[in-house]
Structure formats: structure tokens, C-alpha cells
Amino acid sequence: MAAALHFDLAIPNFGLQEYMRHTPQTDAVFPHAYHFKEGFLHPGDRPGLGVDINETLAAQYPYQRAYLPVNSARGWHDDQLVGGTRSLP
């Protein structure tokens with residue numbers, strides 16, 4: 001979101017930025033300067049993109065492999081890779 005916002009601000013005829021709120025846990029792990037106020041997304045005043053990472057808190061959420069619902073609904077799994085691409089079962 002932060003990179004998209006900064007890119008948008010650099011385009012004079014920019015129109016609309018999609019915005020999806022993150023979970024409170026995600027916001028805690030990745031504290032950021034941008035904020036939504038009165039219908040506008042503001043970049044904040046931190047240097048760079050204004051996003052940091054709380055590594056101590058991130059360690060409480062170890063990586064767990066998961067599949068997007070659209071893929072798992074069709075039954076695609078890594079053991080079905082054919083020639084480096086996915087194939088239907």
C-alpha cells in the first residue's frame with residue numbers, strides 16, 4: 001500500500017487507489033505512517049515509504065504454507081506441477 005500510495009502521488013492525473021484495511025495484527029507487525037482520513041489516504045512523514053517491521057512481534061507468527069482459495073478449490077497442489085506449471089488433477 002505504501003509504495004502504491006507514493007507512486008500515485010507522483011502522477012498528476014491519478015484518479016483512484018484501491019484500499020483494503022489490514023488486520024490489527026498486521027498493522028502491529030508492520031507499523032506504517034500512511035493513514036486514511038476524511039476520504040483521503042495520507043502518506044505520513046516518516047522517511048522512505050514509511051513502513052517498518054517489528055521483528056520481535058513477527059516471530060510470533062511463523063510462516064505457514066497456505067494456498068489461495070481459488071487454487072485449493074480447484075484442487076491444485078505442488079505435487080501436480082508439470083513442467084514447472086500447474087496442471088488440473
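Side chains included, hydrogens not; waters and symmetry mates left out as well; all remaining heavy atoms used.
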Would you list the atom pairs, donor with acceptor, under 3.5 Å between side chains in residues 6-13 and any protein atom, with sequence neighbours excluded?
none

(message) Would you say that His32 contacts Asp27 through its side chain, given a criterion of any heavy-atom pair below 4.5 Å between the two side chains?
(response)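 The answer is yes, as the side chains (C-beta and beyond) meet within the 4.5 Å cut-off.
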(request) Heavy atoms only: give me the nearest Asp45-Ala33 pair and the separation to one decimal. (result)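 The answer is N-CB, 4.2 Å.
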(request) Heavy atoms only: give me the nearest Ala28-Leu57 pair and the separation to one decimal. (result)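 Answer, listing the atom of Ala28 first, then Leu57: CB-CD2, 3.4 Å.
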(request) Any chance you could measure Leu5, atom CG, to Phe40, atom CZ, to the nearest 0.5 Å? (result)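 Going from CG on Leu5 over to CZ on Phe40, the span is 12.5 Å.
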(message) Which Ile, Leu, Val, Met, Phe, Trp or Tyr residues join Leu49 in one cluster when any pair of side-chain heavy atoms under 4.5 Å counts as a link?
(response)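 So far as hydrophobic clustering goes, Leu49 is joined with none.
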(message) Check this for me: Phe14, atom CZ, are more than 12 non-hydrogen atoms of other residues, nucleotides or ligands nearer than 6.0 Å?
(response)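 Buried by this count: over 12 neighbours within 6.0 Å.
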(request) Let me see the working for Met1 and Met20 under side-chain contact (heavy atoms from CB on, under 4.5 Å), right down to the final yes or no. (result) CA-CA 9 Å; Met1 173 52 54; Met20 180 182 72; over 6 Å; no
(request) Can you label the angle between the His42 ring and the His35 ring as parallel, tilted or perpendicular, going by 30° and 60°? (result)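 Rings of His42 and His35: parallel, as their planes differ by under 30°.
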(message) Please evaluate residues Tyr34 and Leu41 with respect to the criterion side-chain contact (heavy atoms from CB on, under 4.5 Å), reporting the C-alpha separation (whole Å), side-chain torsions for both, the decisive distance (0.1 Å), and the verdict.
(response) CA-CA 7 Å; Tyr34 65 83; Leu41 199 53; 4.3 Å; yes
(request) For Phe36, enumerate each residue passing the ring-ring contact (aromatic ring centres under 6.0 Å, His included) test, keeping only those at least two apart in sequence or located in another chain. (result)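 Phe36 satisfies ring-ring contact (aromatic ring centres under 6.0 Å, His included) with Tyr19 once adjacent residues are dropped.
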